[in-house]
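Proteins come first, then strands; the chains are lettered A, B, ... in the order of their sequence lines, and each starts at number 1. Just so it is clear, the structure is predicted and the values come from calculations on it, not from any experiment.
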Amino acid sequence: MSAPRRARGLLLTGLLVALLVAGVGSWYASSSPDGLERTAQRTGFAATARDSATADSPLADYSVAGLGSDRISGGLAGVIGVTVTLVLAGGLTMLVRRRDRDRDRDPAGSGD
Amino acid sequence: MHVPDGFLDAPTSVATGVVAAGGVAVALRGARRELDERTAPLAGLTAAFVFAAQMINFPVAAGTSGHLIGGALTAVLVGPWTAVLCMTVVLLVQAVLFADGGLTALGTNTTLMGLVAVGVGYGTFRLLAAVLPRTRGGVLVAAGVGAFLSVPVAALAFVGLFAVGGVADVPVGTVAAAMVGVHLLIGLGEAVITVAVLGAVLTVRPDLVHGAAYLRRPADLARRPAPVETDSR
């Protein structure tokens with residue numbers, strides 16, 4: 001049935017944390033190249049990278065096209081990403097989930 | 001570790017696409033056993049959190065950064081098959097909306113971060129959890145080591161793909177040394193974040209943590225919605 005109240009508390013807290021991390025925490029992210037990019041630069045294969053077909057997306061590189069401020073643009077892109085991911089992943093897992101509770105997982109809980 | 005378009009040739013990208021699609025197909029079946037009304041929303045939230053956490057690049061060495069992959073964390077929280085699905089959704093959103101990771105490299109990235117990182121992270125976790133004390137500390141150590149190892153192993157898997165289908169003519173040993181070196185450092189960050197987040201969830205809702213199920217006492221299990229069959233033991 002509906003999630004117990006404390007589970008709802010965890011879900012709401014988790015969502016708030018995710019939105020804050022993406023919307024505000026991302027302001028403070030390092031802009032240095034990541035491990036793979038750095039490796040590619042150092043060892044000489046960075047130039048083989050090509051722009052993604054989605055490079056012209058209005059959200060490309062975690063900024064919202066047409067928004068001036070880096071922080072607002074990046075933060076909003078993060079909030080949009082969290083929301084889209086939540087809807088897609090949550091929708092998928094709700095579709096896939098087990099509905100018949102009489103075949104609940106075994107008490108040992110190995111489940112896999 | 002998001003691989004852009006162009007690093008790997010077309011046959012390699014197609015091959016990793018097939019591997020990723022196969023992995024996701026198997027995961028769709030496996031995840032059914034892990035997900036119910038209680039855990040399915042948590043899985044969606046975990047994916048959203050991984051997306052957010054992946055935006056936070058932390059510095060690891062001069063001029064180099066890294067971010068959480070989240071494969072081990074997700075697998076311990078919601079189960080390994082569900083983790084494959086969560087990571088795939090995150091990578092799909094990143095590639096399509098944010099141009100992070102190439103579109104033709106989506107199979108490669110799903111293989112590296114969805115299959116390898118999850119598999120190594122969760123496999124290591126289960127091995128260690130079996131020998132460590134059945135305590136909260138044991139769970140956290142097992143998850144931390146799994147998270148740590150998942151990063152350099154995923155980096156090595158990329159090197160393997162580069163050896164087979166790298167477009168550039170660069171010695172594989174040079175790439176391997178650089179990749180593994182920097183990703184050992186990033187793995188430390190992965191372990192720290194994984195232990196912090198898992199510790200927080202274990203504090204408030206240990207009953208919702210897939211990987212901590214073996215810690216549950218019968219008294220705790222009894223509080224859950226009762227299964228129809230009676231426990232024969």
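When each of A:Gly90, A:Ala47, A:Gly74, A:Gly78 is scored by its heavy-atom pairs under 4.5 Å with chain B, the top score falls to A:Gly78. Counting heavy-atom pairs under 4.5 Å between each of A:Ala49, A:Ser26, A:Gly25, A:Gly23 and chain B puts A:Ala49 at the top. Counting heavy-atom pairs closer than 4.5 Å to chain B, the top-ranked of the candidates A:Ala18, A:Ala22, A:Ser32 is A:Ser32. Note: B:Ser65 leads B:Ala99, B:Ser65, B:Ala178, B:Pro4 in heavy-atom pairs under 4.5 Å with chain A. Per-residue heavy-atom pair counts under 4.5 Å with chain A were compared for B:Val182, B:Leu92, B:Val201, B:Ile56, and the maximum is reached by B:Ile56. Interface check for chain A: of the options B:Val96, B:Val197, B:Val50, B:Leu185, the most heavy-atom pairs under 4.5 Å are formed by B:Val96. In terms of heavy-atom pairs under 4.5 Å with chain A, the best-connected choice from B:Val151, B:Val167, B:Val175 is B:Val175. Chosen from B:Thr104, B:Thr64, B:Val90, the residue pairing most often with chain A at heavy-atom distances under 4.5 Å is B:Thr64. Of the listed residues B:Thr174, B:Leu85, B:Asp169, B:Asp100, the one with more heavy-atom pairs under 4.5 angstrom with chain A than any other is B:Asp100. Between chain B and the options A:Thr93, A:Leu95, A:Val84, the largest number of non-hydrogen pairs under 4.5 Å is found for A:Thr93.
Contact of B:Thr82 with chain A is made through the side chain alone, with heavy-atom distances under 4.5 Å. Residue B:Val3 touches chain A through both its backbone and its side chain, counting heavy-atom pairs closer than 4.5 Å. Of the atoms belonging to B:Phe49, heavy atoms from both backbone and side chain fall under 4.5 Å from chain A. At a 4.5 Å heavy-atom cutoff, the contact between A:Asp51 and chain B is made by backbone atoms alone. Residue B:Ala105: no heavy atom, backbone or side chain, is found under 4.5 Å from chain A. Contacts between B:Leu208 and chain A at a heavy-atom distance below 4.5 Å involve the side chain alone, from C-beta outward. Heavy-atom distances place the backbone of B:Ala95, and not its side chain, under 4.5 Å from chain A. For B:Val93, the part lying near chain A is the side chain, with the backbone staying farther off; criterion is any non-hydrogen pair under 4.5 Å. Heavy atoms closer than 4.5 Å to chain B are found in both the backbone and the side chain of A:Leu15. Contacts between B:Ile186 and chain A at a heavy-atom distance below 4.5 Å involve the side chain alone, from C-beta outward. With a 4.5 Å cut-off on non-hydrogen atoms, A:Ala77 touches chain B through its backbone and its side chain both.
Across B:Asp5 and A:Ala53, no two heavy atoms sit closer than the pair OD2-N, 4.1 Å. Contact record, B:Pro41 with B:Asp36: CD-O, 4.3 Å, taken as the closest heavy-atom pair. When all heavy atoms are compared, the tightest approach of B:Glu190 to B:Gly70 is OE2-N, 2.8 Å. When all heavy atoms of A:Val21 and B:Ala52 are compared, the closest pair comes out as CG1-O, 3.6 Å. When all heavy atoms are compared, the tightest approach of A:Met94 to B:Ala40 is SD-CB, 3.4 Å. Shown here for B:Tyr122 and B:Val76, the closest heavy-atom pair between the two residues is CD1-N, 4.2 Å.
Residues B:Met179 and A:Thr43 fail the side-chain proximity criterion, which asks for heavy atoms closer than 4.5 Å. Between A:Tyr62 and B:Gln94 the shortest side-chain heavy-atom distance falls below 4.5 Å. Residues B:Val118 and B:Trp81 fail the side-chain proximity criterion, which asks for heavy atoms closer than 4.5 Å.
Counted by atom type alone, B:Glu34 and B:His210 present zero donor-acceptor pairs between their side chains at under 3.5 Å. In this structure, a donor-acceptor pair under 3.5 Å is absent between the side chains of A:Asp70 and A:Ser73.
Annotation for A:Leu12: atom CG counts as buried by contact number, over 12 foreign heavy atoms lying within 6.0 Å.
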#### Entry: Test ring-ring contact (aromatic ring centres under 6.0 Å, His included) applied to A:Phe45 and B:Phe7, step by step
CA-CA 7 Å; A:Phe45 66 94; B:Phe7 277 3; 4.8 Å; yes
